[in-house]
Amino acid sequence: MSSEILFAWIYLPQAHEPVVAGRLDVIRYSTGTVGQFTYGKSYLGRADAIPLDPVALPLGTSAVNLVTLNGLPGSILDSCSDKWGIKVIDRIEGTKEYPVCYLLMNDPGRAGALAFSTGAEIKPVELHSREFTLPELLLAAEGVEANRHVDPELLRALHPGTGGARPKCNITDDDGVWIAKFPSINDEGIVSIPRLEHATMQLGQLCGIRTAMTRIENIGGKDVCFVKRFDRIVDNRSGKREVFRKAFLSARTVFYADPAFQSVGTGSYGRLARWMQQRYGCPSGQRHELYRRMVFNVAVRNSDDHELNHGLVHRAKENFELAPAFDIVPVLTRHKVHHHALLIGNSAAGTVENLLSNANAFGLEHDEAGAIIADIESVIENNWRDVFYEAGFGDEDFRKIENIFSPIPQDESISRTGI
Ligand SMILES: Nc1ncnc2c1ncn2[C@@H]1O[C@H](COP(=O)(O)OP(=O)(O)OP(=O)(O)O)[C@@H](O)[C@H]1O
Ligand SMILES: [Mg+2]
């Protein structure tokens, strides 16, 4: 048996410094790992305390036992580096014990408002580095992917706390904190993936999807898609730039907050719609919003719409709201029917029949759901060429991507093989 202790700190709304919220004991037995989380008395005594997760970790004096997600609360695991960040941190420090050691890196790029230390008196120290230019950061990210030597200070400047698998870093300016998403050296080169992401997010806005703001820049011949962070607020009012944080919970955290979810295993849009409203206080209209988002993902063949590509941001007290849509990138593989990472209705199939099969989970009648599908299909059909042209795609690219925008297949009765 071995155990680790992690103190979770939180940047409360508008706070410059984190306060200690609670303690997590992670105990590894030969049969599995169990976590135990307890809020600190001083935190519980604060009038402005907010729960790390109002469902899995409600404010209270009792210790909470956690047996899923390797004994970690989803809210804490959301702060951890993912594939890309782990690769970068391993280059700085060598391979570490996942996830506790990666959480203790306290990189400012991590999601949400948490920070970590090994003691209640030991304040988390944020990873820092001097500033580098975007061409330097882009080259460093390529160096990581290509296994070339990269200066450790540059590696830290890549902000390995931000999740996801693709190369990226964070850039702060007076408008906000942006995730700069780079091309990967492993991209197949059919079209520029950062430009595809930017254009698809623009098209989403036209379809009534509330997306994170994006912009595209060409840095030394390479496309970089900048995505504005919704869990950071930049305030310039005092004359000096201040960055505040907002708590974030992924859809994975929403699902795993229910101990029974372990036996279900696969998340669904319908479950997220119901639970975000019933359990996390999201406004009821956001169930319709999520439906629209799901239809858009099906329409543009974004089948990589997994549980870390949706989330909630903190609103007030114990209440959260659906975060703006992010990471919407069409999958370029041609299939008659795409199968999504989250269940759409009765199955994961991206078909009209399946989109209509569970509309009531989103508070929609069958006809209302049908009208949303028809609306999105017509906005896409009438506008995708203009939007993509504006985003810098040319005739040659159009031929490579036009299959993305073919009508949503009606049902699965058609062949499942590629065309
Ligand atoms: N606009 C945003 N504001 C705040 N956090 C964000 C934003 N966009 C992404 N994130 C966070 O960063 C993580 C990685 O971002 P993103 O999903 O865009 O990267 P990716 O590498 O393309 O992911 P994947 O591994 O799914 O392909 C997300 O899972 C989410 O936690
Ligand atoms: Mg992602």
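The residues of the chain are indexed from 1 along the displayed sequence. Counting starts at 1 for both ligands and their atoms, in listed order.
Under 4.0 angstrom from ligand 1, the non-hydrogen atoms of Ile179 all belong to its side chain. Residue contacts with ligand 1 for Asn309 involve side-chain atoms from C-beta outward but no N, CA, C or O (heavy atoms, distance under 4.0 Å). With a heavy-atom cut-off of 4.0 Å, His306 touches ligand 1 through its side chain alone. Under 4.0 angstrom from ligand 1, the non-hydrogen atoms of Ala165 come from both its backbone and its side chain.
The closest side-chain donor-acceptor pair between Asn65 and Gln36 falls under 3.5 angstrom. Side-chain contact check for Thr162 and Asn170: at least one donor-acceptor pair (N or O, by modelled atom type) lies under 3.5 Å. Side-chain contact, Ser250 with Glu307: no donor N or O sits under 3.5 Å from an acceptor N or O.
With ligand atoms numbered from 1 in the order given, ligand 1 contributes 1 (N) to contacts under 4.0 Å with heavy atoms of Ala212.
Of the listed residues (Asp327, Val313, Asp82), the one carrying the non-hydrogen atom nearest atom 23 (O) of ligand 1 is Asp327. Of the candidates Glu307, Lys168, Lys228, it is Lys168 that places a heavy atom closest to atom 19 (O) of ligand 1.
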Show your working on side chain to side chain donor-acceptor pair (under 3.5 Å) between Thr351 and Asp411 and close with a plain yes or no.
-> CA-CA 5 Å; Thr351 63; Asp411 56 46; over 6 Å; no
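Comment: Glu318 does not engage Arg279 in a salt bridge, judged by the lack of any side-chain N to carboxylate O separation of less than 4.0 angstrom.
Between Phe388 and Phe393, the ring-plane angle classifies as tilted under the 30° and 60° cut-offs. Using a 30° and 60° split on the angle between ring planes, His338 and His335 fall in the perpendicular class, above 60°.
For Phe230, the ring pair (Phe, Tyr, Trp, His ring centres under 6.0 Å) partners two or more places apart in sequence, or in a different chain, are Phe248, Phe326.
Looking at ligand 1, you'll find an N or O of Arg166 within less than 3.5 Å of one of its N or O atoms.
For the pair OD1 of Asn309 and OD2 of Asp327, the angle at the Mg ion (ligand 2) is about 90°; rounding is to 10 degrees.
The closest approach between any non-hydrogen atom of Lys181 and ligand 1 is below 4.0 Å. Under the 4.0 angstrom criterion for non-hydrogen atoms, Trp84 is not in contact with ligand 1.
In terms of protein heavy atoms, atom 31 (O) of ligand 1 is closest to Phe248 CE2, 3.8 Å. Protein heavy atom at the shortest distance from atom 3 (N) of ligand 1 is Phe230 N, 3.0 Å. Among all protein heavy atoms, the one lying closest to atom 30 (C) of ligand 1 is Phe326 CE1, 3.7 Å.
Here CZ of Arg46 is found 10.0 Å from CD1 of Ile10. Values are rounded to the nearest 0.5 Å.
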